[in-house]
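Order of the sequence lines sets the chain letters (A, B, ...), proteins ahead of strands, with each chain counted from 1. Hydrogens, waters and symmetry mates play no part in the numbers below; they use all other heavy atoms, side chains included.
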Protein chains: 2
Amino acid sequence: MAIETDEIKNLDRIDRRILQEMQNNGRISYVDLGKLVGLSTSPCLERVRRLEKQGYIKSYTANLNADLLGSGLLVFVEINLTYRKADVFSEFKQAVAKWPQIQECHLVSGDFDYLLKIRIENIAIYRQLLGDILHTLPDVRESKTMVVMETAAETSKIDLQA
Amino acid sequence: MAIETDEIKNLDRIDRRILQEMQNNGRISYVDLGKLVGLSTSPCLERVRRLEKQGYIKSYTANLNADLLGSGLLVFVEINLTYRKADVFSEFKQAVAKWPQIQECHLVSGDFDYLLKIRIENIAIYRQLLGDILHTLPDVRESKTMVVMETAAETSKIDLQA
DNA sequence: AAAAATACAGTAAATATTATGGCAATAGAA
DNA sequence: TTCTATTGCCATAATATTTACTGTATTTTT
């Protein structure tokens, strides 16, 4: 806790506004960004460079329309393991990396062990993928699939409480 | 299914490579992007404009480091409702919009009704937020919290099977 | 209080963006 | 087939942005 608090204290109001605006529009020019945050172009660029180097900004990306691109089906999968060997998670990581349709894989506390988020074309293709996944992953005892019927919110923006 | 298949057929190999590269680096210049996909700058820009207008590209964003920015705790929450009124989902949408810590809210099929993804500073603050959420949201019968202990994969990239 | 470090604005050169015109290839109509 | 229209590309040039550099003011350190 102390670490994060210290780190975030290094960021002043302008840094946080830069991060905010960059979350809203990742292709904004430094000229426009400077105007938004009240800086001229050069110090604005310097700050962005610093925020990138210090790791606050990890990357920039275009957000695509999954429905138009053949990935209209979103499912979450809960997975239970029979045994929890120490190295199962690293096996999981390797296996998960093989399927680009698996957007997320988390080790969680609670009634089950892993939570997967998968984006794919349709149910038929999902059934096939799930079969492959369960066949490849080690020691799967049980899996439960939740099909997303409607999404009320979906963002990867971090709340900057600025 | 026919719709998506038709739509994606409108995209040729170059379009898909543009989308791919834009997912990898949302701030790439059109000059460099053109070199990557084998086009000069002007038609490259034209294609990106078209992909934006047609909705394939929804937005651009910077991916920030949640751990460094005071949101090191990731939890998923399953929520069951007592009654499923027709307009509960719209109430959910409104309520969810009030909390920027709630990154995702999905209506799902299965044993429970809603799945929330929440990014927040720590457990103490989470308990408080959960209390507020359960108090505000209508007709919550049960909730189950899963704390993410480790993440093997987390991306919002769409698989373009290019 | 002096020196050093920091952060800013302004400037100018290199580079990128963007509108335009022209050309070639393709598709559609006569 | 042949003509025309459309499409998509490249090249060019103007405008704008990026980026390195310099100087200055402010803050921090000694």
Side-chain angles (χ1 to χ4, degrees), chain A residues 2-65 68-70 160-162, chain B residues 2-65 68-70 160-162:
Chain A
I3 295 167
E4 291 98 58
T5 310
D6 286 353
E7 296 271 7
I8 207 168
K9 283 241 171 92
N10 290 335
L11 298 184
D12 62 15
R13 189 169 288 103
I14 295 179
D15 288 327
R16 285 195 292 269
R17 284 212 54 199
I18 288 175
L19 294 177
Q20 189 106 52
E21 299 299 338
M22 278 296 203
Q23 284 196 122
N24 290 334
N25 177 9
R27 276 186 83 81
I28 192 171
S29 74
Y30 300 116
V31 173
D32 291 344
L33 182 59
K35 285 172 188 163
L36 283 175
V37 305
L39 284 180
S40 70
T41 310
S42 352
C44 179
L45 171 65
E46 277 171 14
R47 278 173 182 260
V48 172
R49 289 271 155 82
R50 198 194 75 232
L51 291 166
E52 288 169 357
K53 204 174 69 181
Q54 292 179 333
Y56 292 101
I57 299 174
K58 292 193 292 185
S59 63
Y60 302 91
T61 185
N63 300 119
L64 307 186
N65 186 326
L68 292 182
L69 291 165
L160 292 169
Q161 65 257 358
Chain B
I3 294 168
E4 291 99 58
T5 310
D6 285 355
E7 296 273 7
I8 207 168
K9 283 238 171 95
N10 290 336
L11 299 184
D12 63 13
R13 191 169 286 102
I14 296 179
D15 288 327
R16 285 195 292 271
R17 284 212 53 200
I18 287 175
L19 294 177
Q20 189 107 52
E21 299 300 337
M22 277 297 202
Q23 284 195 122
N24 289 335
N25 177 9
R27 274 186 85 80
I28 192 172
S29 74
Y30 299 117
V31 172
D32 290 344
L33 181 59
K35 285 171 188 162
L36 283 176
V37 305
L39 285 180
S40 69
T41 311
S42 345
C44 179
L45 171 64
E46 277 171 14
R47 278 173 182 260
V48 172
R49 288 273 154 84
R50 198 194 74 233
L51 292 167
E52 289 169 357
K53 205 174 67 180
Q54 293 179 333
Y56 293 100
I57 298 174
K58 293 193 291 185
S59 63
Y60 301 91
T61 184
N63 300 120
L64 307 187
N65 187 325
L68 293 183
L69 291 165
L160 292 169
Q161 66 256 0

*Asks:* Would you say the side chain of B:L64 lies within less than 4.5 Å of the side chain of A:I57, judging by non-hydrogen atoms?
*Replies:*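 Yes - at least one pair of side-chain heavy atoms lies under 4.5 Å apart.
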
*Asks:* Should the pair A:R27 and B:Y30 be classed as cation-pi, given the thresholds of under 6.0 Å to the six-membered ring centre and 45° from the axis?
*Replies:* yes

*Asks:* Send over the distance from A:R27 CZ to D:dA16 C1', rounded to a whole Å.
*Replies:* 15 Å

*Asks:* Looking only at atom types and distance, does a side-chain atom of A:T61 sit under 3.5 Å from a main-chain N or O of B:G26, one as donor and one as acceptor?
*Replies:*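 No.
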
*Asks:* Specify the separation, in whole Å, of atom CG of B:D12 and atom C1' of D:dC9.
*Replies:* 13 Å

*Asks:* Between A:I28 (CD1) and C:dT17 (C1'), how many Å, whole number?
*Replies:* 16 Å

*Asks:* Quick one: does B:L11's side chain get under 4.5 Å of B:L160's, heavy atoms only?
*Replies:* no

*Asks:* Measure from CD1 on A:I14 to C1' on C:dT6 and round the result to the nearest Å.
*Replies:*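 It works out to 13 Å between those atoms.
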
*Asks:* Kindly say if B:R50 contacts the phosphate of D:dG8, meaning a side-chain N or O under 4.0 Å from OP1 or OP2.
*Replies:*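 No, because none of the side-chain N or O atoms of B:R50 sits under 4.0 Å from OP1 or OP2 of D:dG8.
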
*Asks:* From C-beta outward on B:L39, which listed nucleotide comes closest to its side chain: C:dA16, C:dC8, D:dC10?
*Replies:*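 The answer is D:dC10.
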
*Asks:* Each nucleotide N or O in nucleotides 18-20 of chain C that has a protein N or O under 3.5 Å away: list the pair and distance.
*Replies:*
from: C:dT18; atom 1: OP2; to: B:R49; atom 2: NH2; distance (Å): 2.7

*Asks:* Is B:R17 paired with B:E21 through a side-chain N to carboxylate O contact shorter than 4.0 Å?
*Replies:*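 Salt bridge: yes.
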
*Asks:* When you measure from the side chain of B:P43, which nucleotide among D:dT17, C:dA16, D:dC10 comes out closest?
*Replies:* D:dC10

*Asks:* Find the distance B:L33:CG to C:dT15:C1' and express it as a whole number of Å.
*Replies:*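 One finds 16 Å between C1' of C:dT15 and CG of B:L33, rounded.
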
*Asks:* State, with a plain yes or no, whether a side-chain heavy atom of A:L33 is found less than 4.5 Å away from one of A:V48.
*Replies:* yes

*Asks:* Could you state the atom-to-atom distance from NZ of A:K35 to P of D:dA16 in whole Å?
*Replies:* 10 Å

